[in-house]
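Hydrogens, waters and symmetry mates play no part in the numbers below; they use all other heavy atoms, side chains included. Read the numbers this way: they start at 1 and go in the same order the structure lists the ligands and their atoms.
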Amino acid sequence: MGRVVYKSLPDMSKARDRVSNPSVIFDKLEFSDFIKEYGKGKKFFIKTHGCQANVRDEEIMAGYLLLCGFCRTFEPSEADIAIINTCAVREGAEDKIYGEIGTFKANKKKNPNFILGVCGCMMQQEGVAEFLTKTYQHISLIFGTHNISRLIDLIEEHIKTKKVIVEVKSCAGDIIENLPSCRLDNFKASVNISYGCNKFCTYCIVPYTRGKERSRPIQEIINECKALVESGYKEITLLGQNVNSYGKDIPDGPNFAVLLEEIAKLGIPRLRFMTSHPWDFSDDMLQVIAKYPNIMKCIHLPVQSGSDNILKKMGRRYTSEEYLALVKKIKTTIPGVALTTDIIVGFPNESEEDFLGTLKVCEAVKYDQAFTFIYSPRKGTPAAAIKDDVTAETKHERFNRLIKLVEEHVVENSNKMIGNEYTVLVDGPSKKDSEILSGYTETSKMVNFKGPAYLKGCIVNVKITENHAFSMTGELLDDPIIVKAKELKTVIDKEPCVIEYLDLKNKISNDTDLKQIRSEILKIEKDLRTANSTKEIKDRLKELNEKYASHPLIINLSFVEEKVKDLMKTIVGELQ
Ligand code: SAH
Ligand code: SF4
Ligand code: F3S
């Protein structure tokens with residue numbers, strides 16, 4: 001047998017499968033003693049490329065590794081196991097990966113048992129796994145987006161056989177629940193609501209790399225969000241390649257508007273969602289967004305092109321007129337809404353007129369942010385087979401014109417923010433200056449302002465003073481100590497030891513035996529102040545005090561009091 005075990009390899013024809021019915025599987029999270037022993041003291045490092053779906057996969061992979069005793073490092077050279085989580089959406093994204101794989105040769109040199117895993121969307125493309133195993137001798141594992149929950153088994157197999165293990169399934173994909181997770185942020189969380197995509201836009205690889213569109217059961221999503229709210233998260237982003245389609249694959253299932261409302265009602269301070277497709281953006285969705293103040297008034301609505309001819313060739317299912325009508329409806333239903341978009345320049349045979357159509361849409365919408373891309377042919381997608389007559393030079397020239405126009409609109413919109421007040425969720429001190437805090441407004445505008453680091457994770461009021469196009473400068477309007485004190489109060493009130501403490505105090509004040517002892521003690525103490533004490537009275541007082549102190553409720557209280565004191569010490573430390 002060779003050095004590589006190909007358990008499964010991707011197959012684009014199977015990746016198109018939209019017929020099979022995915023199952024919901026609950027992971028039992030059972031791992032062998034072997035891997036738990038192996039993991040002890042070993043460090044893992046994960047590098048993620050691509051979109052939020054990949055970031056969430058990183059959190060899940062980290063969850064699995066932590067359960068097996070591995071610990072996390074953010075320093076690649078320290079890693080005993082490294083995983084590169086790849087993206088395939090454009091060619092540029094792929095080139096970076098090859099360089100990165102190369103850098104881990106140093107780890108292998110230092111440590112012959114070093115494990116390098118490569119996973120993610122790029123692995124779902126035909127030929128990539130074979131190319132990687134041939135080119136790089138230090139890769140230990142290759143697995144696909146449908147094989148994340150197999151991570152630990154694959155690692156174990158590699159350790160035991162010393163073979164390179166390749167497992168990349170091309171399938172509709174199942175829905176795995178009870179996934180472990182180690183979140184990268186303590187205040188902002190992403191929650192998958194659906195996987196895959198059925199839209200098959202002709203330029204896009206995602207429907208092939210991520211499989212059939214499949215919605216998670218609503219109760220599982222609610223439970224996950226509820227747990228996040230209870231543990232103090234401030235912002236949840238509901239994730240799906242196309243959130244509007246949520247529930248369409250569940251017979252009589254809830255739709256996205258219903259799900260969004262259920263999550264908004266859980267009381268998370270900020271709720272976002274990504275991405276919504278202009279084709280099936282329902283009025284119900286719009287009503288829910290308008291109704292709940294905790295649903296952020298910021299909608300990412302990828303237009304891709306403003307030319308009807310190109311939109312048709314892209315398979316986007318709307319015309320520029322329909323898109324603009326939706327934008328108008330959104331802007332009238334949700335005053336002050338921020339709109340962001342994705343635009344592709346240079347789709348095969350895009351004419352100057354087609355491109356001007358895109359500029360016209362930008363002019364009409366005046367986006368608050370636009371992610372602009374030059375079309376990149378993806379092998380296996382219908383658009384990649386179209387003969388293209390547009391030169392790379394023309395594409396770049398159009399791209400530059402587009403970003404210039406987008407920037408003008410961003411500046412124009414941002415100028416209107418100057419002098420106004422906004423709530424900002426603080427991400428923490430900025431990378432450049434530790435005295436400057438950085439965070440985002442409800443409309444996803446980045447704001448930098450002076451403030452103490454302990455405000456990380458708090459929502460504060462900020463007045464905008466300067467516009468730097470893609471970020472703003474502001475002034476903190478709140479008293480930071482008061483903000484933090486209020487914040488701590490809500491955290492403290494939820495702490496189990498504080499709840500237990502308050503409950504015990506309540507029981508103690510209502511307990512009949514204790515009440516009786518207390519009143520007798522008080523009476524004796526009063527008598528002692530007025531009359532001479534006899535030994536008998538003093539002994540009785542001692543006996544009563546001992547009885548009181550040895551009561552189970554009082555003993556319990558002293559234990560809980562210690563826990564509360566420790567909690568206070570931690571909090572004070574946090575403020576310093
Ligand atoms: N599901 C989301 C995100 C898809 S990928 C959506 O539908 O919006 C993110 C963006 O990458 C897309 O919106 C598109 O603008 C861009 N993109 C996808 N395929 C591309 C390609 N082949 N070349 C250039 N950009 C592409
Ligand atoms: Fe790709 Fe279109 Fe699906 Fe978005 S909706 S992931 S662009 S196929
Ligand atoms: Fe990239 Fe896959 Fe996301 S191709 S954009 S990581 S779904």
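Closest protein heavy atom to atom 3 (Fe) of ligand 3: Cys51 SG, 2.3 Å. Protein heavy atom at the shortest distance from atom 2 (Fe) of ligand 3 is Cys121 SG, 2.2 Å.
Under 4.0 Å from ligand 2, heavy atoms of Cys201 appear from its side chain as well as its backbone. Residue-level proximity to ligand 2 for Tyr203 is carried by the side chain, the only part with a heavy atom below 4.0 angstrom. Here Asn242 has no heavy atoms under 4.0 Å from ligand 1, in either its backbone or its side chain.
For ligand 1, one of its N or O atoms has an N or O atom of Asp342 under 3.5 Å away. Checked by distance only, ligand 1 and Tyr203 come closer than 3.5 Å through their nitrogen or oxygen atoms. Any N or O atom pair closer than 3.5 Å counts here, and Arg90 shares at least one such pair with ligand 1. At least one N/O-N/O distance between Gln304 and ligand 1 falls below 3.5 Å.
Between the choices Gln241, Arg378, Arg210, Arg317, the shortest heavy-atom distance to atom 4 (Fe) of ligand 2 belongs to Gln241.
When each atom of ligand 2 is checked for a heavy atom of Arg316 under 4.0 Å away, the hits are 2 (Fe), 7 (S).
Among the atoms of His277, no N, O or S atom falls under 2.8 Å of atom 3 (Fe) of ligand 2.
Residue contacts with ligand 3 include Ala88, since one of its heavy atoms falls under 4.0 Å from the ligand. Residue Gln241 places a heavy atom less than 4.0 Å from ligand 3.
With Ser307 contributing its side chain and Asp354 its backbone, the two residues share no donor-acceptor pair below 3.5 Å.
Note that CD1 of Ile148 is 12.5 Å distant from CG of Asp27, once rounded to the nearest 0.5 Å.
Judged by the 6.0 Å distance and 45° axis criteria, Arg150 is not positioned over the aromatic ring of Phe143.
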